[in-house]
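These figures come from a predicted structure and were not determined experimentally. Both backbone and side-chain heavy atoms feed into the values below; hydrogens, waters and symmetry mates do not.
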Amino acid sequence: MDRKKVAVPLVCHGHSRPVVDLFYSPVTPDGFFLISASKDSTPMLRNGETGDWIGTFEGHKGAVWSCCLDTNALRAASASADFTAKLWDALTGDVLHSFDHKHIVRACAFSEDTRLLLTGGFEKILRIYDLNQPDAPPREVDNSPGSVRTVAWLHSDQTILSSCSDSGGVRLWDVRSGKLVRTLETESSVTSTEVSQDGRYITTADGSTVKFWDANHFGLVKSYNMPFKVESASLEPKLGNKFIAGGEDMWIHMFDFHTGEEIGCNKGHHGPVHCVRFAPGGESYASGSEDGTIRIWQTGPLNENEGAASLSNGPSSSRKVKDAADAADEVIQKVEGFHIAKGDNKTGGPEEKAPSADV
């Protein structure tokens, strides 16, 4: 690419091990937020626009494979190798409930109405927890053909989808009956699933292929072969005219949705890219890598002024976060709990502000 058009990302440090999942909240009155899952066992919450670290969720005793925020970004959920899924208060960082499983939990997702939490993992069972009655036994769909890798909700919480680590295809289940409705066939196991913001498309990544499915009639709309093994893909949420994909070659590629032509490529990670996601407005996207960093990229080419602005510290979030007396020391430590934010940011951008997760 032309050197002048290469975007400089916001680099978010803090995780001490690979970043394996990313999730953007919808836009809320306080802005939008980004939560990350890592093998270091500590999900992290950030300002989705600036990448500024807000807080660390502490409590898991094993790798965290999946994370998500509810519609209002008031609660978070995480799925872990410590055989639990946890529900968190996203304002304080407190654990609201821990859901015990009998094996590794690989995936979790809030329902659209935020009342339910869906989990899946090595037990080959999909569980639906009622968050108004967290101690009640969950509903179970136990005929998954393999270890569950990804889960998602669609059709206004009437359908759930799942993919498996050890077999191809995406399976769609009727929530009321628990029965299998349809299987979207793929040659390889699906490592990434995403339901588009408007509910029209299901985006999947399997092997070296990115596919787009009609979320209502389940037909295959587009299928593009990539010149690399893909781990994750995401469709631009507003116009739906482009998508991004990342994987083993360590780069984040952008493609035209209608033609499959590559229209951009961003380089910077020092390990395979495990997850990519567009921000809810489509103006930027994030990538998480084996190198332990999150990088936030602007969707379009940046001019000199925009590039300078992207590296500066953005507006403070009005969310409740910890205001440390000694900020210089705190930003390089693993911080316990989230407390009250003062509107005055005294530190630099994400490169300086994010804490290290090393103990």
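- In the hydrophobic clustering of this structure, Phe228 does not group with Met250; members are Ile, Leu, Val, Met, Phe, Trp, Tyr whose side-chain heavy atoms approach within less than 4.5 Å, directly or through other members.
- Between His101 and Thr119, some side-chain heavy-atom pair lies under the 4.5 Å cut-off.
- Residues Phe212 and Leu184 fall into different hydrophobic clusters, defined by Ile, Leu, Val, Met, Phe, Trp and Tyr side chains chained together at heavy-atom separations under 4.5 Å.
- Side-chain contact between Val190 and Arg149 is absent, with no heavy-atom pair separated by less than 4.5 Å.
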Worksheet item: Taking it one step at a time, do Thr84 and His60 satisfy side-chain contact (heavy atoms from CB on, under 4.5 Å)?
Response: CA-CA 8 Å; Thr84 70; His60 279 299; 3.4 Å; yes
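- The side chain to side chain contact (heavy atoms under 4.5 Å, CB included) test applied to Cys68 returns Phe23, Ala77, Cys108, Phe110, not counting sequence neighbours.
- In plain terms, the two heavy atoms of Val195 and Ala152 that are nearest each other are CG2-CB, 4.2 Å.
- The line from OG of Ser196 to CG of Leu235 is 6.5 Å long, rounded to the nearest 0.5 Å.
- With hydrogens and angles disregarded, a donor-acceptor distance shorter than 3.5 Å links the side chain of Thr299 to the backbone of Ser284.
- Contacts classified as ring pair (Phe, Tyr, Trp, His ring centres under 6.0 Å) and involving residues 166-206 (residues at least two apart or in different chains) are given here: Tyr201-Phe257.
- Between atom CD1 of residue Ile263 and atom CZ of residue Phe243 there is a gap of 9.0 Å, rounded to the nearest 0.5 Å.
- Sorted by first and then second residue, the salt bridge (Lys or Arg N to Asp or Glu O under 4.0 Å) pairs with a member in residues 188-212 read Glu194-Arg277, Asp206-Lys211; sequence neighbours excluded.
- Distance check: Arg106 CZ to Asp21 CG gives 9.5 Å after rounding to the nearest 0.5 Å.
- Among pairs with a residue in residues 151-180, none fulfils salt bridge (Lys or Arg N to Asp or Glu O under 4.0 Å), at least two apart in sequence or across chains.
- Under the side-chain hydrogen bond (donor to acceptor under 3.5 Å, both in side chains) criterion, Asp142 pairs with no residue at all, not counting sequence neighbours.
- For Thr159, the side chain to side chain contact (heavy atoms under 4.5 Å, CB included) partners are Leu154, His155, Leu172, not counting sequence neighbours.
- Nearest approach of Val64 to Ser78, heavy atoms of both residues: CG1-CB, 3.9 Å.
- Side-chain heavy atoms closer than 4.5 Å link hydrophobic residues (I, L, V, M, F, W, Y) into clusters, and following such links, even through other members, never connects Val221 to Trp213.
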Worksheet entry | Worked verdict on Leu126 versus Leu118 for side-chain contact (heavy atoms from CB on, under 4.5 Å) | CA-CA 7 Å; Leu126 296 168; Leu118 171 65; 4.2 Å; yes
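- Considering only heavy atoms from C-beta on, Val230 stays 4.5 Å or farther from Tyr224 through its side chain.
- A pairwise comparison of heavy atoms in Gly48 and Ile296 identifies O-CD1, 4.2 Å as the closest pair.
- You'll find the side chain of Cys12 stays beyond 4.5 Å of the side chain of Trp53, heavy atoms only.
- Put simply, the side chain of Arg295 reaches to within 4.5 Å of the side chain of Val11, judged on heavy atoms.
- Residue Ser98 comes nearest to Val95 through the heavy atom pair N-CG1, 4.4 Å, listed as atom of the first residue, atom of the second, then distance.
- Between the side chain of Ser162 and the backbone N or O of Val148, no donor-acceptor pair lies under 3.5 Å.
- Rounded to the nearest 0.5 angstrom, His269 NE2 and Ser289 OG are separated by 5.0 Å.
- Distance check: Leu22 CG to Ser66 OG gives 10.5 Å after rounding to the nearest 0.5 Å.
- Open room surrounds NZ on Lys229; 12 or fewer heavy atoms of other groups in view lie less than 6.0 Å from it.
- Two residues are said to be in side-chain contact when any heavy atoms from C-beta on lie closer than 4.5 Å; Leu69 and Phe32 fail this criterion.
- Residues satisfying the side-chain hydrogen bond (donor to acceptor under 3.5 Å, both in side chains) criterion with Thr150, sequence neighbours excluded, are Ser163, Thr193.
- Side-chain N or O atoms of Glu112 include none that pairs as donor or acceptor with a backbone N or O of Trp153 at under 3.5 Å.
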Practice prompt. Take Gln197 and Lys238 through the side-chain contact (heavy atoms from CB on, under 4.5 Å) test and state the conclusion after the steps.
Written response: CA-CA 8 Å; Gln197 197 173 93; Lys238 289 300 183 182; 3.6 Å; yes
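- Under the side chain to side chain contact (heavy atoms under 4.5 Å, CB included) criterion, Glu262 pairs with His253, Phe255, Cys265, sequence neighbours left out.
- Partners of Ser111 by side-chain hydrogen bond (donor to acceptor under 3.5 Å, both in side chains), not counting sequence neighbours, listed by chain and number: Asp113.
- A distance-only check finds a donor-acceptor pair linking the side chain of Thr186 to the backbone of Ser188 [under 3.5 Å].
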Item to complete: Carefully, step by step, assess Glu236 and Asn241 under the rule side-chain contact (heavy atoms from CB on, under 4.5 Å).
Response: CA-CA 7 Å; Glu236 195 278 331; Asn241 59 352; 3.9 Å; yes
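- A heavy-atom distance below 4.5 Å is not found between the side chains of Asn266 and Ile244.
- Residue Tyr285 holds its OH atom at 14.5 Å from CG of Leu34, rounded to the nearest 0.5 Å.
- No path of Ile, Leu, Val, Met, Phe, Trp and Tyr side chains, each step under 4.5 Å between heavy atoms, connects Val210 with Ile202, placing them in separate hydrophobic clusters.
- The shortest side-chain heavy-atom distance between Arg75 and Leu131 falls under the 4.5 Å cut-off.
- The minimum heavy-atom distance linking Asp70 with Pro26 is given by the pair O-CD, 4.2 Å.
- The salt bridge (Lys or Arg N to Asp or Glu O under 4.0 Å) analysis of residues 117-138, with sequence neighbours excluded, yields the pairs Glu123-Arg127, Arg127-Glu140.
- In terms of the salt bridge (Lys or Arg N to Asp or Glu O under 4.0 Å) criterion, Glu290 has no residue partners (sequence neighbours excluded).
- Without hydrogens or angle criteria, Thr42 side chain to Thr56 main chain gives no donor-acceptor distance under 3.5 Å.
- Residue Phe218 is not grouped with residue Leu180 when hydrophobic side chains (ILVMFWY) are merged at heavy-atom distances under 4.5 angstrom, including chains of intermediate members.
- When hydrophobic residues (I, L, V, M, F, W, Y) are linked wherever their side-chain heavy atoms come within less than 4.5 Å, the members clustered with Phe122 are Val20, Trp65, Phe83, Ile104.
- Residues Asp94 and Thr92 come closest through the heavy atom pair OD2-OG1, 3.0 Å.
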